[in-house]
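Read the structure below first, then the notes.
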Amino acid sequence: MRFDIFTLLPEVFPPYLDASMLKRAREHGLIEARIFDIRQWATDRHHVTDDIPYGGGGGMVMKPDPVFAAVESVLGASPSCPVILLTPQGRTFTQKVAEELVHQPSLALICGRYEGVDERIRQHLATDEISIGDYVLTGGELPALAIIDAVSRLIPGVLGDPSGAQDDSHASGLLEYPHYTRPAEFRGWQVPEVLLSGNHAQIARWRREQALLRTLQRRPDLLQSANLSQADRDFLNSLK
Ligand code: ADE
């Protein structure tokens, strides 16, 4: 899968993309990331990419021409891939959205900066707008990395363990069960006995119940749309 990133801060991407899982995924040819500096498509002498807002008011607005020129010169006049604008006004990024995007052969990610982007970028260039949550960052670079990370780890082969993504919090609609590793006792705190038992059926049942309990305690809203068996419902009812 290919990610084409359009940004005014190209230098922030390599440190993350060159580390850990994503580095391995790139080396194995599972993902490719191309980083394009929008400033290179600004035609004036000072490579200006922002301007004051029509109508007045504070802040600067990202100019449309360098962004259109960058995307169109890389992907052509009508790109065949989704062109995603990262903005706090977009639809909220969730695990479901990551699962939807992973089916695309490539994604273009436009990182907004300054106080906003010229509306014509939204209307006539972007085909999708995504927010990573209800808070405002200084730009779309961290959101772009968050999307690249969440989508990449769904690509078969990117995670070392192929079952790795299945039990993740949110993948099943529930939060994940608690994890423990050695030592079995740390500062007097014991690993739950059942995990040391070797009884795989009991362990699976304990994990499922812990996932249900944790979701009920922390994110009861998720239970509305989770895929629950009768045994799950009986367990939840027994807690009430
Ligand atoms: N740009 C600034 N804040 C953002 C957010 N929460 N999501 C996506 N892009 C953004």
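Hydrogens, waters and symmetry mates play no part in the numbers below; they use all other heavy atoms, side chains included. All residue numbers in this chain count up from 1 along the given sequence. Order of appearance sets the numbers: ligands from 1, and atoms from 1 within every ligand.
Polar contact check, L137 against ligand 1: a nitrogen or oxygen pair lies under 3.5 Å apart.
No more than 12 heavy atoms of other residues, nucleotides or ligands sit less than 6.0 Å from atom NE2 of H200.
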One pair to check against side-chain contact (heavy atoms from CB on, under 4.5 Å): I110 and L125. What are the steps and the verdict? CA-CA 10 Å; I110 303 175; L125 186 62; 3.9 Å; yes
Checking R122 against E129 for the salt bridge (charged side-chain N to carboxylate O under 4.0 Å, His left out) test, could you report, in this order, the C-alpha distance in whole Å, the side-chain angles of both residues, the deciding distance, and whether it holds? CA-CA 8 Å; R122 294 180 193 289; E129 297 179 37; 2.6 Å; yes
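Residues E209 and R205 are paired through a salt bridge, judged by an N-O separation under 4.0 Å between the basic side chain and the carboxylate. Using a cut-off of 4.0 Å between Lys/Arg side-chain N and Asp/Glu carboxylate O, R214 and E176 are scored as not salt-bridged.
With ligand atoms numbered from 1 in the order given, ligand 1 contributes 7 (N), 8 (C), 9 (N), 10 (C) to contacts under 4.0 Å with heavy atoms of P143. Within the listing of ligand 1, atoms 6 (N) sit less than 4.0 angstrom from a heavy atom of G133. The atoms of ligand 1 that sit less than 4.0 Å from any heavy atom of G139 are 1 (N), 2 (C). Atoms of ligand 1 found under 4.0 Å from any heavy atom of I130 (numbered from 1 in listed order, with element): 8 (C).
The closest protein non-hydrogen atom to atom 10 (C) of ligand 1 is P88 CD, 3.5 Å. Shortest contact from atom 6 (N) of ligand 1 to any protein heavy atom: Y135 O, 2.8 Å. Of the protein's non-hydrogen atoms, T87 N, 3.1 Å is the one closest to atom 9 (N) of ligand 1. Nearest protein neighbour of atom 7 (N) of ligand 1, counting heavy atoms only, is I132 N, 3.0 Å.
Ring-plane geometry between F6 and F36 is classed as parallel, the angle between the planes falling under 30 degrees on a 0 to 90 degree scale with a further cut at 60.
Atoms CZ and CG, from R218 and L174 in turn, are 13.5 Å apart once rounded to the nearest 0.5 Å.
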